[in-house]
Amino acid sequence: MNLKLYYGLLALAFLIFSCEKEFSNVGSSLLPSDTFVIEKQTASADVEHKAVEIIRSDNLSFFYLGEYEDQVFGNTNARFTTQLSLPASSTGIFGGMSTDQETNGVISESINKNPHDEQETVTEVWLEIPFYTNQIDRDGDGVIDAFDIDPDDPNSDSDGDTLTDLEESRSANLDPLNPDTDGDGINDNEDDETINADPEANVYEIDYLYGDTTQEVHFQVKKLNYFLSNLDPDDNFESDKAFYSDKDFEREGLTSQPLFDDKIMLDFDEIVSFKADDPSTEDVDESTEVDERLSPRIRIPLDTAIFQQSILDMEGEEILLDNNRFQEYFNGIVIGLQSTASPLMMQLNFGAGVIKIEYDYKELVLTDGGDASSAEDYESKDNSSAYSLSLSGVRFNTITQDQASAEVQTAINGNGDGKNIYLKGGLGVVSYIDLFVGDTGQDQLQTLQDNPWLINEANLTLYVDRQKIDALGLGVGDLPSRLYLFDASESIPLVDFNADPTSGPNPEDNKTTFGGFAQYDDEGKVISYKFVITNHFSNLIRNPDDFDNVRLGLTVSSDYLSTQNTRVTAPTEFEIPQSSINTPLSVILAGPNHSNLDLRLQLEIFYTAYQ
């Protein structure tokens, strides 16, 4: 039988309970107008919500600290608990001599030192936790996007001095973010003698801070009085012990007196330290030379007396040589934020966090021209050094979540009207989408499977309920920049996710074909999120014996996609992608029964039909 080939382009919108919707002829301009047929069909679908109340929180990519305010889903509060670890090659020695040498002196063929008390004394202790930062510069003009007036134009002029960003960045004497680099009152475009005092200075954009960062922030750091074993005693210490978000040592009374309990201002500038001046080089002032540059970070001063007693006074003891023994001795710390005038949630780079112990000591040094084998040729001089403990080992978040609003609770309980889809990261809400539900949906799916159509593209688009979002006064930064869609039957990525090869140095460069990114209107407001699931849908249509019409999971996502799963233990046990746990953000989407037909959940399928 002769087959006559024709091309059809079908925009198929799946709406809950067969709700009608008008569609534009998307893609119709790509084909000659007399070679295709446009049809419209509607199909039923269901959406279900689940609450996330308790999670395993010791294996997260991003940890929380502080309070996140959410009028709809309830406020989130988080503390961070961590063990401390010794330096990789800890000798247990402070200063220049061991405790044995300080007591008995040093005697060898070439060295002879009398007993000498180095009097190691802690001067400052700093808890340092870097912010997550980025220096993304899309146009390569030397000004990061966060401060670039036009991040796509290297010839933009961010400081308004009529010199381009690129031109100023290439000059060691000009600062592209300061119209008067040397502060002499003459603009850079007119100043022939301008000097940049610090041409190596770095500027950063600070990431993952939610709330008012200009206020004083009340930190509380306490010493933990409970050993965090990484092996599970309930399994005869043969498997890793898991820690969950409801574990609260503070509430259980297992923390001691505060190491710090006060307010500080957050500082987002690069930290620059300078060298000490060497008096032997009279013609050079080393104190003007940069010794170290650190990215912006939180620096909290801790109680020096505790670290003098617990660390430096233990010099030479076994606990400073073996990390396991040290962690049994000094169990760790708990970091929290006290209530502030305005809630603030931070995700910090705890993996790079340290406690830096600075101390002075009396060093026994050889005099100029002295004989190292003569004890009388040594003299005591003041010196200083530092000792660092990393925030590593067992680490976990204690997280509490206030009750969500009545409308969210109703949706979670399965009594919602289907007008909205509710999503929140962290201890929040995840939703599940079932396509082709009911007899009508199954009949439609069977029809699609029975016809030899080539699926060109399948898009799942979810629209933001702007009316609700605007009523809450939420801005662009309050909504997630990405959602994540996955196979909920096994909590694994969809085939389209795995097949997408796109990647790059920035989060927005990864999995761009699969998508899930926020779509914006002309005013910069998030209006929708779009997924391309062509392979998933093609498998469902063309290979029904091997591919089931699985339930789809939908969550908010952090910028950095993680397909690793996190265990949820309450209110029921299940697993969700860690990407959802790694952000506190939320969004309200138009559901399949939304009052605005144009916003309802829709799946568009473009295919070539043969007859």
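Please read these numbers as outputs of a predicted model, since none were measured by experiment. When a residue number appears, it is its place in the shown sequence, counting from 1.
Under the 3.5 Å distance criterion, with hydrogens and angles disregarded, no donor-acceptor pair is assigned to the side chains of Thr194 and Asp184. Side-chain contact of Asp371 with Ser373: a donor-acceptor pair under 3.5 Å is present, judged by distance alone. Judged purely by distance below 3.5 Å, without hydrogens or angles, the side chains of Gln308 and Tyr359 never pair a donor atom with an acceptor atom. No side-chain N or O of Asn397 forms a donor-acceptor pair with one of Tyr64 less than 3.5 Å apart. Side-chain contact annotation: Thr181 with Asn196, donor-acceptor N/O pair under 3.5 Å absent. Using modelled atom types and a 3.5 Å distance limit, the side chains of Asp165 and Ser169 yield no donor-acceptor pair. Side-chain contact annotation: Thr123 with Glu358, donor-acceptor N/O pair under 3.5 Å absent. For the residue pair Ser171 / Asn173, no side-chain donor-acceptor distance below 3.5 Å is found, with atom types taken as modelled.
Taking 4.0 Å as the cut-off between side-chain N and carboxylate O, Glu289 and Lys275 count as a salt-bridged pair. Checked for salt-bridge contact, Glu250 and Lys222 meet the test: a charged N lies under 4.0 Å from a carboxylate O. Salt-bridge annotation for Glu270 and Arg293: present, with a side-chain N of the basic residue lying under 4.0 Å from a carboxylate O of the acidic one. For Glu118 and Lys362, the salt-bridge test fails: no basic side-chain N is under 4.0 Å from an acidic carboxylate O. Taking the charged nitrogens against the carboxylate oxygens, Asp267 and Arg299 have no contact shorter than 4.0 Å, which rules out a salt bridge.
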- Take Gln83 and Ser392 through the test side chain to side chain contact (heavy atoms under 4.5 Å, CB included) and record every step on the way to the result. CA-CA 6 Å; Gln83 289 182 313; Ser392 59; over 6 Å; no
- Message: One pair to check against side chain to side chain contact (heavy atoms under 4.5 Å, CB included): Phe219 and Val217. What are the steps and the verdict?
- Response: CA-CA 6 Å; Phe219 288 88; Val217 182; 3.5 Å; yes
- Task: Kindly determine whether Leu266 and Leu344 satisfy side chain to side chain contact (heavy atoms under 4.5 Å, CB included), including the steps that lead there.
- Result: CA-CA 12 Å; Leu266 301 182; Leu344 172 64; 4.1 Å; yes
- Item | Working for side chain to side chain donor-acceptor pair (under 3.5 Å), residues Ser98 and Asp100 | CA-CA 5 Å; Ser98 68; Asp100 178 70; 5.0 Å; no
- Would you please test Leu127 and Leu391 for side chain to side chain contact (heavy atoms under 4.5 Å, CB included) and show each step? CA-CA 9 Å; Leu127 170 60; Leu391 308 188; 4.0 Å; yes
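A heavy-atom distance below 4.5 Å is found between the side chains of Tyr484 and Leu561. Contact annotation: the side chain of Phe131 never approaches that of Asn349 to less than 4.5 Å [non-hydrogen atoms, C-beta and beyond]. In this structure, the side chains of Ile129 and Arg297 stay at 4.5 Å or more apart for every pair of heavy atoms. Side-chain contact check for Leu364 versus Gln101: every heavy-atom pair is 4.5 Å or farther apart. Contact check for Leu60 versus Ile581: side-chain heavy atoms found under the 4.5 Å cut-off. Looking at heavy atoms from C-beta onward, Lys241 lies out of side-chain contact with Val394 at the 4.5 angstrom threshold. The closest side-chain heavy-atom distance from Phe249 to Leu224 is below 4.5 Å. Contact annotation: the side chain of Arg56 never approaches that of Thr569 to less than 4.5 Å [non-hydrogen atoms, C-beta and beyond].
Using a 30° and 60° split on the angle between ring planes, Phe80 and Phe350 fall in the parallel class, below 30°. Between Phe94 and Tyr387, the ring-plane angle classifies as perpendicular under the 30° and 60° cut-offs.
Stacking of Lys223 on the aromatic ring of Phe330 is recorded, both the 6.0 Å distance cut-off and the 45° axial limit being met.
A donor-acceptor contact shorter than 3.5 Å is absent between the side chain of Ser310 and the backbone of Phe307. A donor-acceptor contact shorter than 3.5 Å is absent between the side chain of Ser580 and the backbone of Gln578. Side-chain atoms of Asp58 do not come within 3.5 Å of backbone N or O of Tyr244 as any donor-acceptor pair. Here the side chain of Ser90 pairs no donor or acceptor atom with the backbone of Leu321 at under 3.5 angstrom. Under the 3.5 Å distance criterion, the side-chain polar atoms of Asp322 are matched with a main-chain donor or acceptor of Arg325. Tyr378 places a side-chain N or O within donor-acceptor distance of the main-chain N or O of Ala372, the cut-off being under 3.5 Å. Panel note: side chain Asn75, backbone Asp70; a donor-acceptor pair is recorded below 3.5 Å. No side-chain donor-acceptor contact under 3.5 Å links Asn187 to the backbone of Asp161. With hydrogens and angles ignored, the 3.5 Å screen pairs a side-chain donor or acceptor of Gln327 with a backbone N or O of Leu84. Between the side chain of Gln135 and the backbone N or O of Val203 there is at least one donor-acceptor pair closer than 3.5 Å.
Enclosure of atom CZ in Phe274 by more than 12 non-hydrogen atoms of other residues, nucleotides or ligands within 6.0 angstrom is indicated. When the shell of 6.0 Å around CD of Glu376 is examined, it contains 12 or fewer heavy atoms from other residues, nucleotides or ligands. Remark: Gln309 CD is loosely packed, at most 12 non-hydrogen atoms of other residues, nucleotides or ligands lying under 6.0 Å away. Within a 6.0 Å sphere centred on CD of Glu282, heavy atoms belonging to other residues, nucleotides or ligands number 12 at most. Annotation: Glu252, atom CD; neighbour count of heavy atoms from other residues, nucleotides and ligands within 6.0 Å is above 12. For CG of Asp368, the number of neighbouring non-hydrogen atoms (other residues, nucleotides, ligands) closer than 6.0 Å is 12 at most.
Rounding to the nearest 0.5 Å places OG1 of Thr398 at 11.5 Å from CG of Asn77. Of the inter-residue distances, the one linking Glu205 atom CD with Ile136 atom CD1 reads 7.0 Å to the nearest 0.5 angstrom. The distance from atom CG of Asp175 to atom CG of Leu163, rounded to the nearest 0.5 Å, is 11.5 Å. If you take CG on Asn134 and CD1 on Ile206, they are separated by 8.5 Å, rounding to the nearest 0.5 Å. From Leu231, atom CG reaches atom OG of Ser229 across 5.0 Å, with rounding to the nearest 0.5 Å. Annotation: the span from Asn104 atom CG to His116 atom NE2 amounts to 14.5 Å, rounded to 0.5 Å.
For Thr281, the side chain to side chain contact (heavy atoms under 4.5 Å, CB included) partners two or more places apart in sequence, or in a different chain, are Asp278, Asp283, Val284, Glu286.
Phe268 and Tyr204 have their aromatic ring centers separated by at least 6.0 angstrom. Proximity of the aromatic rings of Phe62 and Tyr132 is defined here by a centroid distance below 6.0 angstrom, and this criterion is met.
For residues 139-149, the pairs satisfying side-chain hydrogen bond (donor to acceptor under 3.5 Å, both in side chains) are Arg138-Asp145, Asp148-Ser156, Asp148-Ser158, with sequence neighbours left out.
Scanning all heavy atoms of the two residues, the minimum distance from Asp232 to Asp240 falls at CB-O, 3.9 Å. Across all non-hydrogen atoms, the minimal contact from Pro507 to Tyr560 is CG-CZ, 3.5 Å.
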